[in-house]
Amino acid sequence: MGEKLANSKGSEGLVPSKKSRAREFIFSQSGFLIAFIIVLSIAITMVNRNFIKPQNILNVLGQISIAGIVAVGVGLILISGDFDISVGSQISLDGAILAILMTRTGSVLLPVIVMIFTGAALGFINGVIVAKSKCASFIITLGTRAAYHGLVLVATKGRNFPLQGMFETLGRGKIGFIPIPIVIFFLVLIFAYFLLKYMRFGRTLYAVGGNRTAAYLSGVNVDTIKIAVYTLCGLLVALASMTLISKLGASYPNTGDGYELQALAAVVVGGTSLWGGKGTALGLFLGVVIFGVMSNSLNMMNVSPYFREVFIGGIIIVATILSRIGELKK
Amino acid sequence: MEKLLDIRNLNKGFPGVQALSDIDFDLYGGEVHCLVGENGAGKSTLVEILAGNYRFDSGQLHIKADSYSYLSPSKSLTIGIETVHQEDQLVLSVTAAENIYMGHLPMNRLGLFNLRKCIKDSQVLVDSLGLHLDVSELVSELTPVERKTVCIAKALSRRVSILILDEPTATLGLDETKILLDGVRRIREQGIGIIYISHFINEVFDIADRITVFKDGKKVATHLRSRCSKEQVIGEMVGRKAGHIFIRPEHKVGEVIFQVRNFTRKGAAEDINFEVHEGEIFGIGGLIGSGRTELARLMFGIDRRDRGNIILRGKDVTPNTPIEAIRNGFGYLTEDRKETGLILGRPVKENITIAEMNIRRPVLLDLPEERNQAVKMVNSLRIMTPSLEQVVINLSGGNQQKVVLAKWMLSDVDVIIFDEPTIGIDVGAKKEIYELIDDMALKGKVIVMISSDLPELLALSDRIGIMRKGKMVKIIKGSEATEESLLKYSTGV
């Protein structure tokens with residue numbers, strides 16, 4: 001950090017110069033992640049030249065964009081010091097409601113609106129329980145994960161709902177040569193960046209995650225913040241679900257399975273602290289990219305897709321241990 | 001009687017402090033040797049050395065016939081030293097009997113836990129202390145004095161020759177204290193040597209055979225109880241020059257601007273009434289656990305009060321939550337800045353602006369303005385930090401405390417409650433914080449300052465309210481108070 005000692009005469013010493021900020025960035029976690037992505041890409045390219053082709057890069061981004069949107073929601077909750085592992089079930093439930101309403105009504109707009117409200121409501125429920133009960137959010141959302149998944153089965157009776165060509169643009173369309181899901185992912189990232197940096201809400205998330213009591217005693221309404229961040233996550237999940245259903249062209253009872261782990265893996269790799277109070281939008285993005293590049297490389301190296309889960313589990317464990325070591329060093 | 005413990009010229013230093021210097025202390029079997037002194041006098045350090053948690057730097061330690069260069073926790077236990085800490089170390093969810101034999105539970109021939117024997121043996125042990133207590137009850141169901149008894153019985157369940165009781169009555173009422181002291185006398189009759197630490201002078205004179213006074217890490221004197229007076233002992237505990245690092249300049253005291261009326265939360269603080277005049281600093285003294293922090297929490301709306309209100313310049317500003325308190329112009333520097341004052345992993349800037357941001361920035365932050373504000377606070381409070389982006393965990397204690405202070409100064413509160421404003425801070429930073437507090441009082445802020453540091457309390461306060469067992473027992477003028485009088489009222493001599 002700063003090489004100059006405090007200079008109590010003016011602001012020059014207190015506000016880091018561009019140069020020292022650049023140096024700081026290179027040695028920060030994000031700098032490290034970028035370096036890691038570059039090294040990884042070079043290594044994979046040496047094994048398989050196709051990796052670096054623009055088509056494959058778009059391919060990678062396309063594959064990760066939906067999980068990426070979810071990861072932003074989960075990441076914001078993690079910054080505030082809590083977990084949400086019900087997001088996979090939320091995707092399925094949001095999707096089921098969308099598909100059922102579309103097939104019943106034949107229209108698009110109303111189902112989409114209903115679904116957005118559903119998404120917000122599911123997050124809101126998580127938030128209220130977590131905030132008011134003050135219980136471990138991991139367990140609470142483990143409960144709602146099961147409950148939401150059960151509701152999917154109740155609503156669909158286990159059936160699939162194909163959309164028969166309706167509502168394809170969102171998931172399969174392109175703007176120029178860029179698939180729309182990628183565009184949405186980047187918009188969500190820009191939103192997260194803005195929220196965390198320029199909005200009181202974002203700043204408060206760090207405070208609550210960093211020290212809940214101190215934040216409360218400084219006038220932060222901790223419960224409201226918790227409920228709001230879960231609701232926001234629910235909205236982002238609804239957006240992801242919408243995109244996913246559109247891309248798949250159908251809703252399945254298990255559409256969202258596994259997304260909670262993918263999102264969590266990406267978030268943790270991106271340097272968001274599991275203990276709250278730390279994390280950035282850039283980190284979230286880089287985490288998602290690393291996750292995507294690694295799974296893409298498994299494909300490129302013809303590793304059996306059955307290994308995917310093993311790989312995700314491994315990433316979560318390794319990233320958590322690494323960040324724990326970093327934490328202990330401090 | 002046999003001499004159990006003989007300590008000579010014992011020294012123990014920590015970075016920046018000499019906690020014990022050239023301490024002599026001894027203990028015979030069958031006596032109660034009381035150890036008294038203010039907070040920070042070195043009592044706890046001695047206890048920790050005997051319990052095997054600290055090593056001493058130099059000196060001799062003889063226990064019975066043997067000499068030791070250090071003690072480890074397990075060695076200390078083998079020798080027969082048992083410590084009952086101020087905080088009960090019990091498992092609430094199991095019976096008293098199991099707590100008493102925790103770690104060496106009686107087993108039957110099959111190597112299984114023998115609950116019946118455990119209950120029988122521990123009942124004998126508790127009865128021998130003269131207490132009526134059913135040891136098959138869960139600890140969570142027991143009263144404070146019963147819990148303390150369990151702690152003592154637990155110590156006695158091992159072969160013990162030296163028993164250390166660290167403030168055993170801090171959380172007990174008068175009647176309960178009597179019961180406990182009777183128990184202690186019975187233990188003494190068994191020939192065990194007891195080191196008894198307490199702030200309560202009456203109680204010390206009730207139980208002690210000998211009394212040793214510590215001050216600032218040095219032994220002042222050892223007396224036979226029958227050969228000394230309470231006044232003498234209190235005089236030896238204090239006697240430091242008040243205001244040796246800071247003297248509050250002459251200042252005008254105006255009208256009453258702040259009133260606390262009938263503030264009550266049962267069991268924490270009861271019927272508290274006081275007023276603060278413009279320009280005044282109102283100090284709150286008393287022992288730890290006397291209800292000072294509880295009162296501060298009530299005033300800031302953290303805990304729910306049963307009744308009472310606060311009037312500021314004619315307006316009722318009684319808060320029900322901290323958020324309301326801040327809106328009504330209150331600030332609160334907690335006694336533990338790391339746990340409850342700061343967000344340690346976040347930058348200086350964010351910690352300074354957090355309260356202000358919550359009042360004045362509903363949605364968007366104004367980053368350049370925020371930076372200007374933070375720079376202004378850092379400069380005017382002379383916070384030593386390499387940059388605004390430095391995470392506060394890396395700052396020194398004094399600078400951390402200034403960051404907390406900056407938070408409340410920036411949000412321009414009218415009332416600031418300080419709870420131990422200079423705890424764990426070096427002398428230089430202390431002086432600067434005193435100047436800031438003085439300056440705020442002169443600017444018409446209401447200052448309520450809780451402190452265990454008697455010279456600090458005397459040097460800053462215009463008037464001092466003294467708390468004892470949840471009540472404000474006396475309000476005295478700072479100019480008329482002495483450390484002796486403060487201690488007398490705090491301990492109820």
Side-chain angles (χ1 to χ4, degrees), chain A residues 1-17 20-21 23-25 28 79-81 194-225 228 272-273 275-279 326-327 329-330, chain B residues 297 300 302 321-327 331-332 334 336-346 348-351 353-367 370-372 374-376 378-391 393-394 399 404 407-408 411:
Chain A
M1 284 247 180
E3 55 277 49
K4 283 180 265 181
L5 213 74
N7 165 352
S8 57
K9 287 286 160 348
S11 59
E12 309 88 45
L14 294 171
V15 182
S17 68
S20 75
R21 261 194 280 180
R23 187 183 313 163
E24 206 170 286
F25 180 78
S28 73
I79 288 174
S80 84
F194 184 79
L195 178 107
L196 289 173
K197 180 138 195 197
Y198 295 102
M199 287 178 71
R200 186 179 94 166
F201 178 61
R203 179 68 68 76
T204 314
L205 289 179
Y206 288 117
V208 170
N211 185 341
R212 188 186 170 127
T213 316
Y216 177 64
L217 295 182
S218 301
V220 174
N221 195 332
V222 175
D223 287 358
T224 310
I225 297 296
T272 306
S273 166
W275 296 272
K278 246 173 249 162
E327 207 98 342
K329 271 197 179 151
K330 278 183 189 161
Chain B
R297 289 174 61 93
F300 199 62
I302 301 168
T321 61
I323 295 163
E324 221 177 289
I326 294 166
R327 293 229 173 89
Y332 177 31
T334 57
D336 190 337
R337 57 183 163 268
K338 290 188 174 160
E339 288 297 317
T340 54
L342 292 165
I343 295 148
L344 287 176
R346 302 302 304 173
V348 168
K349 179 183 76 185
E350 292 182 16
N351 273 285
T353 57
I354 177 170
E356 195 267 350
M357 165 193 90
N358 269 292
I359 313 170
R360 301 214 178 96
R361 305 265 164 229
V363 181
L364 289 181
L365 303 172
D366 180 346
L367 294 186
E370 180 188 34
R371 190 179 309 136
N372 288 339
V375 168
K376 223 171 75 193
V378 165
N379 288 338
S380 69
L381 271 67
R382 292 196 293 276
I383 299 172
M384 290 300 188
T385 174
S387 103
L388 290 180
E389 304 300 328
Q390 176 69 281
V391 288
I393 198 168
N394 295 332
N399 284 306
V404 186
K407 170 169 76 180
W408 298 118
S411 34

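Each chain gets a letter, A, B and so on, in the order the sequences are listed, and its residues count up from 1. A quick note: this is a predicted structure, and the numbers were derived from the prediction, not measured.
The residue among B:P362, B:G331, B:A374 with the most heavy atom pairs within less than 4.5 Å of chain A is B:P362. Between chain A and the residues B:L365, B:V348, B:I323, the most heavy-atom pairs under 4.5 angstrom are made by B:L365. Of the listed residues (B:R327, B:K376, B:R371, B:K349), the one with the most heavy-atom contacts under 4.5 Å to chain A is B:R371. Your options are B:N394, B:N372, B:I326, and the one with the most heavy-atom pairs under 4.5 Å with chain A is B:I326.
Using a 4.5 Å cut-off between heavy atoms, B:T353 contacts chain A through its side chain alone, with no backbone atom that close. Contact annotation for B:L364: both backbone and side-chain heavy atoms come within less than 4.5 Å of a heavy atom of chain A. In this structure, the portion of B:T334 lying under 4.5 Å from any heavy atom of chain A is its side chain and not its backbone. When heavy atoms are compared at a cutoff of 4.5 Å, B:E324 does not approach chain A at all.
Counting heavy atoms from C-beta outward, B:L367 and A:K197 have side chains that approach closer than 4.5 Å. Counting heavy atoms from C-beta on, the side chains of A:M199 and B:V363 come closer than 4.5 Å. By the 4.5 Å heavy-atom criterion applied to side chains, B:I343 and A:Y206 are not counted as neighbours.
Although no hydrogens or angles enter the test, the distance criterion places a donor-acceptor pair under 3.5 Å between the side chain of B:R346 and the main chain of A:G277.
The side-chain hydrogen bond (donor to acceptor under 3.5 Å, both in side chains) search around A:R200 returns none, not counting sequence neighbours.
Minimum interatomic distance between A:A207 and B:I354 (heavy atoms only, all atoms of both residues): CB-CD1, 3.7 Å. When all heavy atoms of B:G341 and A:A214 are compared, the closest pair comes out as C-CB, 3.8 Å.
For the atom pair CZ (A:R203) and CD (B:E350), the distance works out to 4.0 Å, reported to the nearest 0.5 Å.
Note on residues 211-220 of chain A: pairs passing side-chain hydrogen bond (donor to acceptor under 3.5 Å, both in side chains), not counting sequence neighbours, are A:S218-B:K407.
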